[in-house]
Amino acid sequence: MSAPVRVRFAPSPTGNLHVGGARTALFNWLFARHHGGVFVLRIEDTDLERSQAAYTQAILDGLKWLGLDWDEGPEVGGAHGPYFQTQREGLYRAAVERLLAEGKLYHCFCSGETLEAMRKDQAERKVAIKYDGRCRGLPREEVERRIAAGEKFVLRLRCPDGISVEWEDITKGKLTFTSDLLDDLVVVKSDGMPTYNFAVVIDDVGMQITHVIRGEDHISNTPKQILLYRALEAPVPRFAHIPMILGKDRARLSKRHGATSVIEYEKMGFDPEAFRNYLALLGWSPEDHTREILSREQLFAEFSLDRVSSHGAIFDLDKLTWMNAEYLKRFTPEVLLARLRPWLAKIPGFPGGYSDAQLAKMAGLYRERVKTYDEIVANAGWFFSAPQEYDAKGLEKAGKIAGARDLLGRLIGRFEAQAGFEEGPLEALVRGFAEAEGRKFGDVVHLCRLGLSGRTATPGLFEVMAVLGRDESLARLRRFLTVCPA
RNA sequence: GGCCCCAUGGUGUAACCGGCUAACACGCAGCCCUCUCAAGGCUGAGAGCGCGGGUUCGAGUCCCGCUGGGGCUACCA
């Protein structure tokens, strides 16, 4: 038995959950579930300037919306907490003291301006930009004196020269870096907070993370972190760097490409399961790639890091939309109604006098006609309030039907005489009526549709009438009679 | 500038350790169905696998170079 799989998603609360982060979280979650491992959520809030508690909540909400549940982390706790980096200062300090005692760190008093000048010079000389180590050999007395004098300093890790740092990345294969190009990275900032690279390593070690699955933008951080693992004499986890999610121009997805945070997709009316399914297929595919609609159980069963592709993937709203529609089509009317309720509630007049059964039937009528939840809001409003106006094109067409108003009048008479109000008999009635009148069935249908909805496009007329009910249908048609072209 | 990653139709992917007429899906076009709109069914266009060299009987699949794209080069994460 190998050690149990422990993975983590470690966002920093400086914004909402982005689709890139969401996909990273998803892959971690799927990997953990596939292996029966543990999925840890850790909040990296060491950037005091930009971190906000509200964002932490937004990220948790985003993960919950996607249905990604974590086994350890905020709200659920766990044996390896705390799960906020700002609450783990003691752990960092202990590590720092140890490394300092072992001579693996050193104090650096260089100011921002000094460093800037150094980099500018290196840039001009077209040489690798890195800290030149000028504080590396400061005498102990000088260090102590300057600290006592209240000078600001950071702590840097002494990086070995001339060695090659490499690891076998699960998705990228063997990756190699020369330590000569690596900075003596800052481990503790002058405000006393650990830097990202340092905190990550301390926490991944402390939380016994076995696999680090993250975006490939972290590849170049990895050798630095490996050096840190070595300094700490801690086991190095496996790494899997997954490709970025890109905009249509192949640049990393950003606001200018459109919506980037998952909350925006929720607001656009996407179903979380569909969104999650779509995200799973961005950079990964199951062995049988002809199947694309995958339940969470199927994803758990089939997810594997070695089937993650190695190049960036463009986020395709069209395909996401298609997938969303596929999900809607698979829902029963009752399930659809349940998911739709928050959206329906925005419609003036909702729920009118309709029973849940009627509402479910209505949802069912739109199931194959809308691709997102908010489309139904835009299209089904007329169910809840009679039309105040009628589609201009529709009226124009009605005007071309000779004697439309009288025709409609006679049809209303027939409806009034009709005992029940089920779609089958209604259709039979209208077909018979059209034939008797020598009219095209379609003309009669279109006239009714316009009268009932004010629209030229709705679900099937007779199904609509059955849901609206006898009284409402007749009331609407009678009103339409007063404005119907003669 | 330096370092690193990547490269199959418009998009997402597939093609096992080299053997294809390069597959699936989205999107697109046309047709069918039809009371509208959808949905559905059928058909089709669209890549010869970034480019150039190798290796091999044979390469999208291996090697080298180039080009292109992306990422990182912070006391941000």
Side-chain angles (χ1 to χ4, degrees), chain A residues 10-14 44-47 49-51 85 108 110-112 115-116 119 122-130 152-156 169 172-173 175-178 180-183 185-191 193-197 199-200 215-223 241 243-244 246 248-252 278 281-292 307 309-323 325 329 366-371 379 394 427 430-431 434 440-450 453 455-462:
Chain A
S12 56
T14 54
E44 310 215 323
D45 53 355
T46 52
D47 183 345
E49 301 281 299
R50 299 192 299 149
S51 295
Q85 290 190 324
C108 169
C110 294
S111 67
L115 296 173
E116 206 173 306
R119 291 190 190 109
Q122 290 169 335
E124 278 166 9
R125 285 162 40 219
K126 301 192 171 180
V127 115
I129 293 174
K130 62 175 264 190
K152 289 267 187 195
F153 65 87
V154 301
L155 257 21
R156 289 182 183 271
D169 200 273
K172 298 282 188 181
L175 261 25
T176 308
F177 286 78
T178 316
D180 294 345
L181 276 344
L182 300 178
D183 263 304
L185 72 157
V186 174
V187 141
V188 177
K189 304 185 245 183
S190 56
D191 65 0
M193 289 303 266
T195 57
Y196 162 74
N197 279 121
V200 166
E216 67 178 348
D217 49 335
H218 284 287
I219 287 180
S220 46
N221 281 323
T222 308
H241 288 95
M244 313 259 74
L246 317 171
K248 315 108 204 63
D249 59 359
R250 296 218 151 264
R252 181 212 220 104
Y278 174 70
L281 261 20
L282 221 45
W284 173 80
S285 64
E287 250 184 77
D288 174 7
H289 77 288
T290 59
R291 289 166 44 248
E292 297 196 300
R307 289 196 61 84
S309 69
S310 45
H311 57 274
I314 294 177
F315 188 88
D316 183 1
L317 191 61
D318 283 342
K319 183 136 187 184
L320 167 62
T321 303
W322 165 79
M323 184 159 286
K329 280 185 275 189
Y366 272 102
R367 186 171 52 179
E368 291 176 350
R369 278 171 244 262
V370 297
K371 293 177 184 298
N379 290 307
E427 176 164 0
V430 172
R431 285 198 185 275
K440 281 194 284 188
F441 176 63
D443 282 351
V444 179
V445 167
H446 296 158
L447 201 54
C448 285
R449 169 173 289 115
L450 186 65
S453 67
R455 299 176 156 248
T456 56
T458 70
L461 179 68
F462 308 108

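Here is how names work: the chains are called A, B, and so on, in the same order as the sequence lines, proteins then strands, and each is numbered from 1.
- With both ends at atom C1', the span from B:rA29 to B:rG10 equals 14 Å, rounded to whole Å.
- Among the nucleotides B:rC72, B:rG12, B:rC75, the one closest to the side chain of A:Lys189 is B:rC75.
- Contacts of A:Pro243 with the nucleic acid, taken as non-hydrogen atoms under 4.0 Å apart, are absent.
- Residue A:Arg307 has its side chain nearest to B:rA15 when only B:rA39, B:rA15, B:rC75 are considered.
- Using a 4.0 Å heavy-atom cutoff across all strands shown, A:Thr178 reaches no nucleic acid atom at all.
- Nucleic acid contact class of A:Asp288 (heavy atoms, under 4.0 Å, all strands): none.
- Judged by ring centres under 5.5 Å apart and planes tilted less than 30 degrees, A:His218 stacks against the six-membered base ring of B:rA77.
- Within 4.0 Å (heavy atoms only), A:Lys130 reaches no atom of the nucleic acid at all.
- Candidate nucleotides B:rC35, B:rA77, B:rG71 were compared by shortest atom distance to the side chain of A:Phe462, and B:rC35 ranks first.
- No donor-acceptor distance shorter than 3.5 angstrom exists from the side chain of A:Asn221 to the backbone of A:Asn197, with no hydrogens or angles considered.
- Straight-line distance between the P atoms of B:rU61 and B:rG52: roughly 13 Å, to the nearest whole Å.
- For A:Glu44, counting side-chain heavy atoms from C-beta on, the closest listed nucleotide (B:rC35, B:rA77, B:rG27) is B:rA77.
- Side chain A:Ser220 to base B:rC72: no donor-acceptor pair is found below 3.5 Å.
- With distances taken from any side-chain atom of A:Ile219 to the nucleotides B:rA77, B:rC75, B:rC4, the minimum falls on B:rC4.
- Among the atoms of the strands shown, only primed sugar atoms or phosphate atoms (P, OP1, OP2) are found under 4.0 Å from some heavy atom of A:Thr290.
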Walk me through whether A:Val445 and A:Phe462 qualify under side-chain contact (heavy atoms from CB on, under 4.5 Å). CA-CA 9 Å; A:Val445 167; A:Phe462 308 108; 4.2 Å; yes
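- For B:rG18, the base adopts the anti conformation, since its glycosidic angle falls more than 90 degrees from zero.
- Residue contacts for A:Arg252: at a heavy-atom cut-off of 4.0 Å it reaches the sugar-phosphate backbone alone, with no base atom in range.
- When both pairing distances are held under 3.5 Å, B:rA29 makes a Watson-Crick or G-U pair with B:rU43.
- Contacts of A:His241 with the nucleic acid, taken as non-hydrogen atoms under 4.0 Å apart, are absent.
- Residue contacts for A:Ser285: at a heavy-atom cut-off of 4.0 Å it reaches the sugar-phosphate backbone alone, with no base atom in range.
- Residue A:Thr195 has its side chain nearest to B:rC75 when only B:rC75, B:rU13, B:rA25 are considered.
- Not one N or O on the side chain of A:Arg307 forms a donor-acceptor pair closer than 3.5 Å with the backbone of A:Trp284.
- Within the 4.0 angstrom heavy-atom criterion, only backbone atoms of the sugar-phosphate kind lie near A:Leu175; the bases stay farther away.
- Side-chain proximity of A:Ala457 to B:rG69, B:rC37, B:rA38: nearest is B:rC37.
- Of the two residues near RNA chain B, A:Gly112 and A:Ser309, the one whose nearest nucleotide lies more 5' is A:Ser309.
- Within the 4.0 angstrom heavy-atom criterion, only backbone atoms of the sugar-phosphate kind lie near A:Val186; the bases stay farther away.
- The same atom, P, is picked in B:rA15 and in B:rG9; the two are 16 Å apart, to the nearest Å.
- A gap of 24 Å separates the P atoms of B:rG46 and B:rG41, to the nearest Å.
- With both pairing distances under 3.5 Å, B:rG60 is matched to nothing as a Watson-Crick or G-U wobble pair.
- Across all strands, A:His289 comes closer than 4.0 Å to base atoms (heavy-atom distances).
- No donor-acceptor distance shorter than 3.5 angstrom exists from the side chain of A:Ser285 to the backbone of A:Leu281, with no hydrogens or angles considered.
- Nucleic acid contact class of A:Gly283 (heavy atoms, under 4.0 Å, all strands): sugar-phosphate only.
- Under the 3.5 Å distance criterion, the side-chain polar atoms of A:Thr195 are matched with a main-chain donor or acceptor of A:Val186.
- Ring geometry for A:Phe315 versus A:Tyr278: interplanar angle over 60°, hence perpendicular rather than tilted (30 to 60°).
- With both ends at atom C1', the span from B:rC63 to B:rC26 equals 36 Å, rounded to whole Å.
- Between B:rG60 and B:rU43, the two C1' atoms lie 28 Å apart (nearest whole Å).
- Each of B:rC5, B:rA77, B:rC4 was ranked by its minimum atom distance to the side chain of A:Lys172; first place goes to B:rC5.
- Taking the side chain of A:Arg369 as heavy atoms from C-beta on, and the options B:rA38, B:rG12, B:rC35, the nearest nucleotide is B:rA38.
- For the C1' atoms, the distance linking B:rG50 with B:rC24 amounts to 23 Å, nearest Å.
- Among B:rC35, B:rC5, B:rA7, the nucleotide with an atom closest to any side-chain atom of A:Ser310 is B:rA7.
- The residue among A:Gly442 and A:His311 whose nearest nucleotide of RNA chain B lies closer to the 5′ end is A:His311.
- Counting only distance, with no hydrogens or angles, the side chain of A:Lys130 and the backbone of A:Asp180 share a donor-acceptor pair below 3.5 Å.
- Backbone-only contact: A:Lys371 has heavy atoms under 4.0 Å from sugar-phosphate atoms and none from a base.
- Look at the P atom in both B:rU13 and B:rC32: the space between them is 36 Å, to the nearest Å.
- If you check every strand for non-hydrogen atoms under 4.0 Å, A:Arg455 touches nothing.
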